[in-house]
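Sequential numbering from 1 along the given sequence is applied to the chain's residues. Hydrogens, waters and symmetry mates play no part in the numbers below; they use all other heavy atoms, side chains included.
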Amino acid sequence: MPNWGGGAKCSACEKTVYHAEEIQCNSRSFHKTCFICMVCRKGLDSTTVAAHESEIYCKSCYGKKYGPKGYGYGQGAGALSSDPVNNEELQPQESKARPTSANSNPSKFAQKFGSTDRCPRCSKAVYAAEKVMGAGKAWHKTCFRCLLCGKSLESTTVTDKDGELYCKVCYAKNFGPKGRGLGNMGVVEDAE
């Protein structure tokens with residue numbers, strides 16, 4: 001049967017992917033909203049994706065699952081990582097339809113234009129054209145800013161903690177490691 005006006009099938013949800021919303025990886029097609037890490041569910045792009053056979057991961061989860069193991073690779077006592085090391089969390093989550101909001105009966109307008117996501121910063125609807133993914137949530141481009149300094153963020157400069165967004169500088173100042181030799185102490189002057 002011919003595929004009239006359609007496109008390829010999304011490798012994640014098996015639905016038709018039209019050209020305007022298509023992302024390709026390893027000769028497979030994905031919706032922009034389905035192009036997410038199989039472990040942490042963060043949105044991916046061409047600079048953050050790492051593919052393994054038919055699975056896609058962010059570089060961090062890929063490194064934890066398939067990267068080198070042992071002392072000196074962030075698993076030993078000297079690691080400055082707040083991420084848990086157990087492998088149970090690194091199993092891909094089952095492919096299932098993700099609910100985009102708590103609203104189980106979206107309006108016809110929302111069904112037609114796909115706007116059931118709510119921005120955590122302003123609580124207004126987030127439409128696909130203005131959607132930026134961060135901390136596992138959909139944000140407006142204008143709301144995708146550091147909570148502390150208000151700096152506009154990008155996928156390469158964002159860090160998240162407890163569902164909030166921070167620039168790397170504010171995150172390091174407030175949540176990073178503290179102590180001598182870790183960049184948080186001023187110059188130590190000798191008392192004469």
Side-chain angles (χ1 to χ4, degrees), residues 21 23 30-50 56-65 67 72-90 92-93 98-103 106 110 113-189:
E21 59 185 353
I23 294 179
F30 295 87
H31 292 105
K32 289 178 184 175
T33 55
C34 294
F35 198 61
I36 57 175
C37 175
M38 295 186 74
V39 175
C40 68
R41 315 295 283 172
K42 286 184 182 174
L44 301 172
D45 61 33
S46 62
T47 62
T48 59
V49 69
I56 55 174
Y57 300 94
C58 67
K59 289 186 177 180
S60 177
C61 291
Y62 179 88
K64 289 174 190 173
K65 186 164 183 169
Y73 288 105
Q75 306 283 331
L80 289 176
S81 175
S82 59
D83 292 336
V85 180
N86 65 10
N87 288 331
E88 294 169 10
E89 293 185 10
L90 298 178
Q93 297 178 0
R98 295 181 300 146
T100 51
S101 78
N103 185 359
F113 295 104
S115 69
T116 54
D117 287 326
R118 294 265 171 206
C119 176
R121 185 85 20 104
C122 69
S123 300
K124 294 181 181 173
V126 181
Y127 298 97
E130 59 189 354
K131 183 191 292 191
V132 179
M133 293 300 292
K137 301 173 188 166
W139 303 74
H140 293 110
K141 288 179 184 175
T142 55
C143 296
F144 199 67
R145 299 180 169 277
C146 175
L147 178 68
L148 300 176
C149 70
K151 180 180 176 185
S152 183
L153 301 170
E154 297 175 359
S155 63
T156 58
T157 59
V158 68
T159 54
D160 64 87
K161 179 166 178 70
D162 300 328
E164 261 309 334
L165 305 177
Y166 301 93
C167 67
K168 292 189 179 207
V169 173
C170 290
Y171 183 88
K173 282 182 187 173
N174 292 285
F175 309 112
K178 309 263 187 286
R180 187 177 197 103
L182 294 172
N184 290 337
M185 292 217 27
V187 175
V188 179
E189 295 181 18

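For Asp160, the salt bridge (Lys or Arg N to Asp or Glu O under 4.0 Å) partners are Lys42, not counting sequence neighbours. Under the side chain to side chain contact (heavy atoms under 4.5 Å, CB included) criterion, Lys59 pairs with Ala50, sequence neighbours left out.
Shown here for His140 and Cys119, the closest heavy-atom pair between the two residues is ND1-CB, 3.4 Å. For the residue pair Cys40 and Cys58, the shortest heavy atom distance occurs at SG-SG, 3.8 Å. When all heavy atoms of Leu153 and Arg145 are compared, the closest pair comes out as CD1-C, 3.5 Å. Of all heavy-atom pairs between Leu165 and Gly134, the closest is CD2-C, 4.1 Å.
How far OH of Tyr166 is from SG of Cys149: 11.0 Å, rounded to the nearest 0.5 Å. Taking OG1 of Thr48 as the start and CD1 of Ile36 as the end, the distance is 12.0 Å to the nearest 0.5 Å. Once rounded to the nearest 0.5 Å, the distance linking CH2 of Trp139 with CE of Met133 reads 10.5 Å. Between the NZ atom of Lys141 and the CD atom of Glu130 there is a distance of 8.5 Å, given to the nearest 0.5 Å. A distance of 13.0 Å separates CG in Leu147 from NZ in Lys161, rounded to the nearest 0.5 Å. Here the NZ atom belonging to Lys124 is positioned 10.5 Å from the CZ atom belonging to Arg118, to the nearest 0.5 angstrom.
Under the 4.5 Å side-chain criterion, counting only non-hydrogen atoms from C-beta, Cys167 is not in contact with Thr157. Side-chain contact between Phe30 and Ile56 is present, with heavy atoms from C-beta onward closer than 4.5 Å.
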Kindly determine whether Thr33 and Lys131 satisfy side-chain contact (heavy atoms from CB on, under 4.5 Å), including the steps that lead there. CA-CA 10 Å; Thr33 55; Lys131 183 191 292 191; 3.6 Å; yes
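Contact check on Arg121 versus Glu164 returns a salt bridge, with a Lys/Arg side-chain nitrogen under 4.0 Å from an Asp/Glu carboxylate oxygen.
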